[in-house]
Amino acid sequence: MGENLFANYEQDFKDVYANIESRIRSVPSLSSDAKLAETKKANDDIRDAEDILQSMNLNARNVPGPQGQRLQGKIREYEAMISQAKKDLRRAETTINARVDRESLLGAAVLNGGVDLAVSMDQRERLLTGTERINKTNAQLAAARRQAEETVELGQGIITNLHTQRETMTRGIDKLSGVKVQIGKSSRLLQAMARRVATNKLIMAVIILVLIGAIILIVWLRWFYKKDETTTTTSSDESFISSTSTSTTTSGDSAGTTGGFSSTG
């Protein structure tokens, strides 16, 4: 879309520039009044061409990448063409003013008759030379004024670019500030998570120590009660054996006594 609009502007510029060249070529062959009128029209066409170039420049800025750079190169070429056309037209204007002054002086000399005939050719040449110098000075002043205007336009363009860059840098600083805030929040969140992890580790260590202590206590208690039961069982066995031995001895003694009584009888 942007390239099609640029192509339309480009065609309009070429048409206007063709008119400018045609007018500049026709200026030398016209009469004084016609030359002045044609020069004015050429200046109007130059202003129209500059307006078209401004529109082309705005359109080219919206085209990204290498294509936009190529369009900017075309615009610079067209601006150089307009600058050359202005120079050609200024030369034509200088020629026109000198000829008009020369014709006015010569016409006045013819009308005044004998008075003008008394003026020497040397004085006429001096007057014409002074007029031409004045015209050249005016042309130089006009060129200097146009150059100053171009310098002002260039300065304004630089100021605009600097303002755009400043806005870009400001937006970048704002983004960096936002990123810094986010980084601070993330850092605080990571610190809180680290504290939680450390707390969880400490709790787990305490739980493990408690479990290990409980296991050791349970093992010790089981071992203690098993030893106690073993001691009790051994004591019971020893008591039983003692009782059995006593009973056997008593029985033996009773039997011996009975046998003695029998023998005596």
Side-chain angles (χ1 to χ4, degrees), residues 1-63 66-108 110 125 127-157 160:
M1 181 65 182
E3 295 182 11
N4 294 333
L5 184 60
F6 185 88
N8 294 332
Y9 284 138
E10 186 176 17
Q11 185 60 44
D12 293 339
F13 174 81
K14 289 180 179 180
D15 294 339
V16 174
Y17 186 75
N19 291 334
I20 294 171
E21 287 186 327
S22 177
R23 294 184 190 282
I24 292 174
R25 286 194 300 267
S26 64
V27 164
S29 61
L30 298 175
S31 60
S32 299
D33 294 337
K35 287 178 181 180
L36 294 175
E38 195 70 12
T39 302
K40 183 178 180 303
K41 291 180 182 179
N43 285 321
D44 293 338
D45 290 339
I46 288 174
R47 282 191 291 271
D48 292 340
E50 288 176 344
D51 293 338
I52 295 172
L53 284 178
Q54 290 180 358
S55 300
M56 293 170 67
N57 191 15
L58 292 175
N59 181 258
R61 291 180 181 177
N62 296 326
V63 179
Q67 187 67 20
Q69 295 178 359
R70 185 179 64 83
L71 297 180
Q72 290 289 346
K74 281 189 175 182
I75 291 172
R76 286 191 291 270
E77 292 179 1
Y78 294 151
E79 288 176 348
M81 292 167 60
I82 291 297
S83 297
Q84 185 61 39
K86 287 180 179 179
K87 292 178 182 179
D88 294 340
L89 187 59
R90 284 197 297 270
R91 284 195 294 268
E93 288 176 351
T94 303
T95 303
I96 291 170
N97 292 333
R99 289 181 178 177
V100 169
D101 292 336
R102 187 185 297 271
E103 289 175 359
S104 299
L105 289 173
L106 293 177
V110 173
E125 290 296 329
L127 290 173
L128 293 175
T129 302
T131 302
E132 290 177 357
R133 288 179 180 176
I134 292 172
N135 290 331
K136 289 180 180 179
T137 303
N138 292 333
Q140 290 175 355
L141 291 174
R145 181 178 59 81
R146 281 189 289 269
Q147 187 175 4
E149 291 175 353
E150 292 174 358
T151 304
V152 171
E153 292 177 357
L154 180 61
Q156 290 176 350
T160 302

Got a second to check how far [X]'s [atom1] is from [Y]'s [atom2], nearest 0.5 Å?
X   : Y   : atom1 : atom2 : result
K87 : I24 : NZ    : CD1   : 13.0 Å
R23 : T39 : CZ    : OG1   : 10.0 Å
N19 : K14 : CG    : NZ    : 14.5 Å
N62 : N57 : CG    : CG    : 10.0 Å
L89 : I46 : CG    : CD1   : 5.0 Å
E79 : F13 : CD    : CZ    : 9.0 Å

Walk me through it: do Q54 and E50 pass the test side chain to side chain contact (heavy atoms under 4.5 Å, CB included)?
-> CA-CA 6 Å; Q54 290 180 358; E50 288 176 344; 5.5 Å; no

Identify whether the distance between the nearest side-chain nitrogen and carboxylate oxygen of D51 and R47 falls below 4.0 Å.
->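 Result for this pair is no, no salt bridge flagged.
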
Is R91 paired with D88 through a side-chain N to carboxylate O contact shorter than 4.0 Å?
->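 Judged by the 4.0 Å cut-off on N to carboxylate O distance, D88 and R91 do form a salt bridge.
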
With M56, which of I52, L58, N59 fulfils side-chain contact (heavy atoms from CB on, under 4.5 Å)?
->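 It is I52; the other options fail the test.
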
Measure across I20 and A85 and return the closest heavy-atom pair with its distance rounded to 0.1 Å.
->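 Reported closest heavy-atom pair: CG2-CB, 4.0 Å.
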
Over all atoms of both residues, closest heavy-atom pair of D45 and V16 =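 That closest heavy-atom pairing would be O-CG1, 3.2 Å.
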
Decide yes or no for I75 and F6: does some side-chain heavy atom of the first lie under 4.5 Å from some side-chain heavy atom of the second?
->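 A side-chain contact exists here, since the closest heavy-atom pair is under 4.5 Å.
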
